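The residues of the chain are indexed from 1 along the displayed sequence. Keep in mind the model is a prediction, meaning the values are calculated, not measured.
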Amino acid sequence: MLDRRTLVAGAMALAALGSAVQAQDYKAKYPELVFAKIPDENASGTTDRWTPFVAYLSKELGVKVTLRIANDYAAVVEGQRAGNIHIAMYGPASYARAYITGAQIEPFAIEVSADGTKGYYSVLYVKADSPYKSVQDLQGKNLCLVDPNSTSGNNVPRYAMNKMGIDPEAFFGKIVYAGSHENAVIGVQQGTCDAAFNWWNDETESNLLRMARKNMAKAEDFRIVFKSDLIVNSPMAYLTTLPDNLKAAIRTAVLEVATKDPAAFNAIYEGKQLPFVAVTHKEYEPVVELIKFVDELRKKKRAS
């Protein structure tokens, strides 16, 4: 006669077997997953920073995860639209662009700054010894932006300058898309540009400080003349078409990486960020509206 303990044990075994079968199902269908990161720094920096994380994901999911280093922000957007990139680390604006253009994606994790906020800023750098004190002082000068799909390096600046009554193409002598946040800073460093927009978390972390830690720039050589309102932090998103159990496994692995593999997490953020937390599309609806607004500005300019 079966007792209650035997029945419970049997039920638990069946549940475990069911989970194992489900896992095997997604492993058979997805023997390899592609993880892509927008190129906010040079390719070698992206590889060094994210390779341990990708190795951790491979271990946790039980399938090979390949790191794809994109040439530009649009490549990540197009890769997810085509279904060739299963998981992507976006900036807010590039996620919004992917969403607007029909990519079947869902954000599930968000970066958290060291002070506990889920946001960062766009700042405008000039050389510390330059005479410029504001955006208005830069009329006729050269401006480095990052990428058309960069949040802090293009879209937020354009929105902010529109509020100031500034048409960037008419106001500045030349606008240069540098391709990455690092290249934008280097543009000012080398004199290609007089000012550059970039991301900035707080006094303890920014792209410029990361560059300083890599001996690519000296932070004291630059000065901030503009800081935006708070921008919601960057999301990680996966394809909505992935099996539910695979999405759950990815989500759990990402949200637990800081405790399960602190070395992999710290390779990304160097101790300057708190663990990922869960997020939904709702948090990015204001960014979607921002991108639509910037698109309308471009349309009006082309029509004029």
Side-chain angles (χ1 to χ4, degrees), residues 12-70 75-76 79-80 82-91 94-95 98 103-114 118 210 213-214 233-280:
M12 290 176 65
L14 285 172
L17 179 60
S19 297
V21 169
Q22 281 190 328
Q24 288 303 320
D25 285 346
Y26 82 63
K27 289 178 184 179
K29 188 173 181 180
Y30 295 93
E32 180 177 358
L33 298 170
V34 175
F35 176 91
K37 172 72 174 67
I38 56 169
D40 51 0
E41 62 182 326
N42 62 57
S44 62
T46 302
T47 301
D48 293 344
R49 202 175 290 279
W50 288 91
T51 293
F53 171 78
V54 168
Y56 161 80
L57 273 187
S58 296
K59 178 183 175 184
E60 291 296 307
L61 301 177
V63 298
K64 180 181 179 182
V65 181
T66 299
L67 174 63
R68 179 172 296 176
I69 303 170
V76 178
Q80 286 220 290
N84 299 324
I85 294 173
H86 305 95
I87 315 164
M89 189 70 210
Y90 282 105
S94 50
Y95 162 74
Q104 299 300 302
I105 56 175
E106 179 183 347
F108 64 92
I110 184 174
E111 295 178 327
V112 181
S113 302
K118 298 174 188 174
R210 279 190 182 178
R213 293 196 294 272
K214 294 190 286 186
N233 268 346
S234 297
M236 195 177 294
Y238 44 42
L239 297 177
T240 57
T241 53
L242 296 178
D244 288 343
N245 61 323
L246 176 53
K247 288 189 288 187
I250 294 169
R251 184 169 59 248
T252 298
V254 171
L255 297 181
E256 293 180 350
V257 61
T259 51
K260 280 192 170 181
D261 194 339
F265 182 75
N266 287 329
I268 304 171
Y269 298 114
E270 302 175 41
K272 304 295 184 179
Q273 297 271 72
L274 298 180
F276 291 108
V277 297
V279 77
T280 66

Any side-chain heavy atom of [X] within less than 4.5 Å of one from [Y]?
{"X": "F108", "Y": "I87", "answer": "yes"}
{"X": "L242", "Y": "I250", "answer": "yes"}
{"X": "H86", "Y": "Y238", "answer": "no"}
{"X": "Y26", "Y": "L61", "answer": "yes"}
{"X": "L57", "Y": "V254", "answer": "yes"}
{"X": "S113", "Y": "Q273", "answer": "yes"}
{"X": "V63", "Y": "Y30", "answer": "no"}
{"X": "I69", "Y": "W50", "answer": "no"}

Open item on the list: Once you measure the plane-to-plane angle for Y90 and Y95, does it fall in the parallel (<30°), tilted (30-60°) or perpendicular (>60°) bin?
Closed with: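 Taking Y95 first and then Y90, their aromatic rings stand perpendicular (interplane angle over 60°).
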Task: side-chain contact (heavy atoms from CB on, under 4.5 Å) evaluation trace for I105 with L239 - done: CA-CA 4 Å; I105 56 175; L239 297 177; 4.0 Å; yes
Give me the atom names and distance for the closest heavy-atom approach of [X] to [Y].
{"X": "G91", "Y": "S234", "result": "CA-OG, 3.6 Å"}
{"X": "A70", "Y": "V76", "result": "CB-CG2, 3.5 Å"}
{"X": "A278", "Y": "L255", "result": "N-CD2, 3.7 Å"}
{"X": "T240", "Y": "K247", "result": "O-NZ, 3.1 Å"}
{"X": "V54", "Y": "L67", "result": "CG2-CB, 4.0 Å"}
{"X": "I110", "Y": "K118", "result": "CD1-CB, 4.0 Å"}

Where the side chain of [X] meets the backbone of [Y], is there a donor-acceptor pair that is under 3.5 Å apart?
{"X": "Q80", "Y": "I85", "answer": "yes"}
{"X": "T51", "Y": "T47", "answer": "yes"}
{"X": "N233", "Y": "E111", "answer": "yes"}
{"X": "Y56", "Y": "A253", "answer": "yes"}
{"X": "T259", "Y": "E256", "answer": "yes"}

- [ ] Name all pairs fulfilling the salt bridge (Lys or Arg N to Asp or Glu O under 4.0 Å) condition that reach into residues 56-68, sequence neighbours left out, sorted by first residue then second.
- [x]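 Pairs touching residues 56-68 that pass the test: E60-K260.
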Open item on the list: What's the separation between atom CZ in F53 and atom CE in M89, rounded to the nearest 0.5 Å?
Closed with: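 With rounding to 0.5 Å, CZ (F53) is 8.5 Å from CE (M89).
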TODO: Not counting sequence neighbours, which residues clear salt bridge (charged side-chain N to carboxylate O under 4.0 Å, His left out) with E41? List them please.
DONE: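 Scan of E41 (salt bridge (charged side-chain N to carboxylate O under 4.0 Å, His left out), adjacent residues dropped) gives R49, K214.
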